[in-house]
Amino acid sequence: ETVLTQESASEDPKRDAALRPKHLREVIGQQAAVQRLSIAVNASKKLREPLAHILFDGPPGLGKTTFATVLPTELGVSIQMTSGPALSKPADLLPFLTNLEEGSILFIDEIHRMPRVVEEFIYPAMEDFRIDIVLGDGMNARTISMNLKRFTLIGATTRSGMLSSPMRDRFRIHEHLDFYTVPELATIVRVNAQKLGTQISDEAALELAQRSRGTPRIANNRLYWVRHFAASESDGIITLPIARAALEMAEVDRDGLDKQDRRYLETLLGVFGGGPAGVEAIAATMNLPADTLSDEIEPYLLREQFIVRSPRGRIATPRGFTAMGHTPRDLSSP
Ligand code: ATP
């Protein structure tokens with residue numbers, strides 16, 4: 001089972017780009033965010049001011065990068081993209097800052113992974129479009145100030161909680177992206193099938209949507225797989241039986257849970273009797289960082305109520321038991 005994991009999606013940026021909305025009006029779902037961002041874009045154009053700095057947060061694959069790439073198109077400006085882990089020292093930011101054009105966008109993905117020194121270096125850039133560069137060291141050190149073009153910083157993070165509060169406060173717009181509804185995902189599947197020149201029935205689109213973990217990136221992965229399956233095993237048209245057969249073959253379960261979700265539930269049920277179990281304990285047993293659990297795995301399981309949080313740790317719900325083929329037990333009452 002390699003085709004359908006979330007990770008494999010981002011390995012092919014060209015493929016992602018082909019299906020990415022180009023304009024805000026093409027963005028499906030997230031309508032409150034779309035409306036607020038449209039207003040910010042209009043205001044920026046009318047007032048001839050750069051767009052306010054924006055922070056997107058939410059679990060992976062929900063469209064943070066999509067939003068970040070749509071905005072420069074709307075504004076008619078350029079965008080440069082980098083990520084927190086690539087910026088290990090202030091000097092790593094210099095090429096980006098000196099390449100800025102008036103009103104252009106600098107996108108920093110995984111901004112919570114930027115070291116503190118880089119964060120501090122970026123504050124005056126965000127506030128006053130200026131950077132302070134220290135030349136030499138010790139007794140001979142002196143600081144020179146350099147003015148920058150007025151620009152917009154867009155940050156994306158899976159955990160805004162890990163961002164320092166001075167950093168967070170410097171973003172004037174915060175948008176939290178949440179999981180998509182099944183009808184929204186079905187629309188995304190239909191629109192993207194059309195972009196790929198593939199016919200898909202409404203029932204098949206719905207089936208894919210239901211089994212995509214509330215996440216457009218996963219829905220796209222399912223679509224690519226099912227499309228190949230239909231081409232190889234049939235006449236290329238994605239019907240409901242074709243979609244089902246393809247998803248069965250890829251071992252996508254009914255609830256759309258992926259391998260990690262199932263491992264998580266299996267651990268919680270098998271090792272901890274359904275809980276309560278602390279996230280650290282579950283993470284240690286699964287041999288994964290606790291962050292991965294709380295940022296990538298748990299948000300969906302919590303939203304769909306496969307698990308609940310309690311003061312003593314995570315607890316599997318009856319739905320969680322059933323999903324794993326266990327007899328449901330109600331652990332939520334003491
Ligand atoms: P992350 O939030 O981790 O940055 P991402 O932004 O990389 O995730 P995207 O790459 O933006 O996720 O989205 C993956 C694909 O999902 C896009 O190429 C696009 O086809 C589709 N997609 C995401 N969000 C939307 C949306 N709101 N409307 C339509 N399509 C979307």
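Quick note: numbers below take in every heavy atom, side chains included, and nothing from hydrogens, waters or symmetry partners. Order of listing sets the numbers, starting from 1, for every ligand and every atom in it.
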Element-labelled atoms of ligand 1 that are located less than 4.0 Å from some non-hydrogen atom of N192: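 Counting atoms of ligand 1 from 1, those under 4.0 Å from N192 are 20 (O).
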Those atoms of ligand 1 less than 4.0 Å from some heavy atom in Y180: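 Near Y180, the atoms of ligand 1 are 24 (N), 25 (C), 26 (C), 27 (N).
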Under 4.5 Å side-chain linkage, directly or through intermediates, the cluster mates of M139: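 Answer for M139: none, a lone residue.
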Using a 6.0 Å cut-off, check whether atom [atom1] of [X] has over 12 heavy atoms from anything other than its own residue.
X	atom1	answer
E248	CD	yes
R172	CZ	no
Q194	CD	no

Salt-bridge present (K22, E26; N to O < 4.0 Å):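 A salt bridge is absent here (no side-chain N lies under 4.0 Å from a carboxylate O).
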Main-chain N/O of L257 paired with D255 side-chain donor or acceptor, under 3.5 Å: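 Absent.
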For [X], is at least one N or O under 3.5 Å away from an N or O on ligand 1?
X	answer
I28	yes
L19	yes
T66	yes
T65	yes
P21	no

The single option from E127, H53, E119 passing side-chain hydrogen bond (donor to acceptor under 3.5 Å, both in side chains) against R170: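 Exactly one option meets the side-chain hydrogen bond (donor to acceptor under 3.5 Å, both in side chains) with R170, and it is E127.
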Structural part of L177 in contact with ligand 1, heavy atom criterion under 4.0 angstrom: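 Neither; nothing of L177 gets under 4.0 Å from ligand 1.
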Heavy-atom gap G61 to ligand 1 smaller than 4.0 Å: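 True for this residue.
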